Amino acid sequence: VKVDNTCQYTQINQYLLKQCIGQGSYGIVQLAHDTITNADYAMKIISRKKLLQKGGFFGRLAPQRNKFGKSSGTISHPLDRLRREIAVLQKVDHPNVVKLVEVVDDLAQDNLYLVFELLELGPVADVPNGNRMEETQARKYFCDLLLGVEYLHRNHIVHRDIKPANLLLGHDGRLRIADFGVCTEFCGSEDVLLDNTVGTPAFVAPEQLTGPFYGKAADIWAMGITLYVLIYGVLPFSDTNVLALYESIRNQELCFPGVQDSTSASLKDLLTRLLCKDPNQRITLAEIKEHPWIIA
Ligand SMILES: COc1ccc(C(=O)/C=C\Nc2cc(OC)c(C(=O)O)cc2Cl)cc1
């Protein structure tokens, strides 16, 4: 630890850790300054101890009794999930996906450090902040998201936690998808049938609440919630009570706020198709790429 006259800084190898820039269930992300190259990075700090406590003995190692009474196939150990997350991060390479630069892992230590390229502007719209976004700006971000998700799905990865807080902006305004902490990598088949709900409640697709569901269509639903939030600044389905939230996701009709709603008919059409409650009727990535609002 280095102490200068103002405050204490931690140094990990050549990285001087500065202020916290991200916080979540995963742990924290700090600005990291490379004292050799003078470049800045985002360093995600993962505590193995916390990981074991959170999803460890009580949460994951016991046979998962999911809500359908069946035990879900793979009982994944939290450290296995972490290893898989890192393997996915090391494998992905696309302009619209975060880039992992280095993993600093001192096995003797509790902490594991993931060094990412810094995306200087941070999350695209951290929480529904009431700010509405112009359609042209939202289209730019949504197209970046679309290309990133298409790349992941083509590489047999479903993200499972798409939301504005996980969409980071570089200084060039390009959007990159982050946080593969709950993603699922599937092999061979065209899609993956899942039976456990992970991710963020307000972004969960209706079919996730009633039985086994396909990963790709659930990602597309979350893209719809995300686009709605970027445009309207509020969630389409929300409630402080999570059961009431799930009820509205399943049964409440999609509506567009405000009489002064100046959004285009094509955007409303795309949102309606993204947020179609029946996953078999929901728009696919290929169809999104051809939608009038996208090719406008
Ligand atoms: C205002 O300026 C800001 C600039 C950058 C940030 C920022 O980067 C935040 C989180 N970052 C990340 C989180 C991740 O997961 C949760 C992952 C991952 O695991 O994929 C990667 C990154 Cl980089 C915040 C504010």
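Keep in mind that what you see is a predicted model, and the values were worked out from it rather than measured. Every number for a ligand or one of its atoms is a count from 1 in the order of the listing.
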Chemist: Only heavy atoms of Leu119, strictly under 4.0 Å: list the atoms of ligand 1 that pass.
Modeler: 4 (C), 5 (C)
Chemist: Taking 4.0 angstrom as the limit and counting only heavy atoms of Leu168, give me the atoms of ligand 1 inside it, by number and element.
Modeler: 8 (O), 11 (N), 12 (C), 22 (C), 23 (Cl)
Chemist: Hey, are Lys289 and Glu150 close enough for a salt bridge, meaning a charged N less than 4.0 Å from a carboxylate O?
Modeler: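 The answer is yes: the pair qualifies as a salt bridge.
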Chemist: Using a strict cut-off of less than 4.0 Å between a Lys/Arg side-chain nitrogen and an Asp/Glu carboxylate oxygen, indicate whether Glu135 and Lys140 qualify as a salt bridge.
Modeler: no
Chemist: Can Arg48 and Asp105 be counted as an ion pair, charged N to O under 4.0 angstrom?
Modeler: yes
Chemist: Any idea which protein heavy atom is nearest atom 3 (C) of ligand 1, and the distance to it?
Modeler: Gly122 CA, 3.6 Å
Chemist: Assess whether a salt bridge exists between Glu85 and Arg81, defined as any Lys/Arg side-chain N lying under 4.0 Å from an Asp/Glu carboxylate O.
Modeler: no
Chemist: When you check the gap from the basic side-chain N to the acidic O, do Asp219 and Lys216 get nearer than 4.0 Å?
Modeler: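 Here Asp219 does not pair with Lys216 in a salt bridge, since their nearest N and O are not under 4.0 Å apart.
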Chemist: Hey, which atoms in ligand 1 end up nearer than 4.0 Å to a heavy atom of Val98?
Modeler: 20 (O)
Chemist: Quick one: do Lys50 and Asp110 make a salt bridge, cutoff under 4.0 Å?
Modeler: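 Result for this pair is no, no salt bridge flagged.
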Chemist: Considering only non-hydrogen protein atoms, determine which one is nearest to atom 2 (O) of ligand 1 and report residue, atom name and distance to 0.1 Å.
Modeler: Glu120 O, 3.4 Å
Chemist: For ligand 1, indicate whether the residue Lys44 contacts it via side chain, backbone, both or neither (heavy-atom separation under 4.0 Å).
Modeler: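 Contact part for Lys44 vs ligand 1: side chain (C-beta onward).
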Chemist: So which heavy atom in the protein is nearest atom 20 (O) of ligand 1, and how far is it from that ligand atom?
Modeler: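 Residue, atom and distance for the closest contact: Asp179 N, 2.7 Å.
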Chemist: Between Tyr26 and ligand 1, does any nitrogen or oxygen pair lie at a separation below 3.5 Å?
Modeler: no
Chemist: Do other residues, nucleotides or ligands put more than 12 heavy atoms under 6.0 Å from the CZ atom of Arg273?
Modeler: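 Counting neighbours around CZ of Arg273, 12 or fewer heavy atoms of other residues, nucleotides or ligands fall under 6.0 Å, so no.
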Chemist: Among protein heavy atoms, which lies nearest atom 7 (C) of ligand 1, and at what distance?
Modeler: Ile21 CD1, 4.0 Å
Chemist: Please write down residue, atom name and distance for the protein heavy atom closest to atom 13 (C) of ligand 1.
Modeler: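 Sorting protein heavy atoms by distance from atom 13 (C) of ligand 1 puts Val29 CG2, 3.9 Å first.
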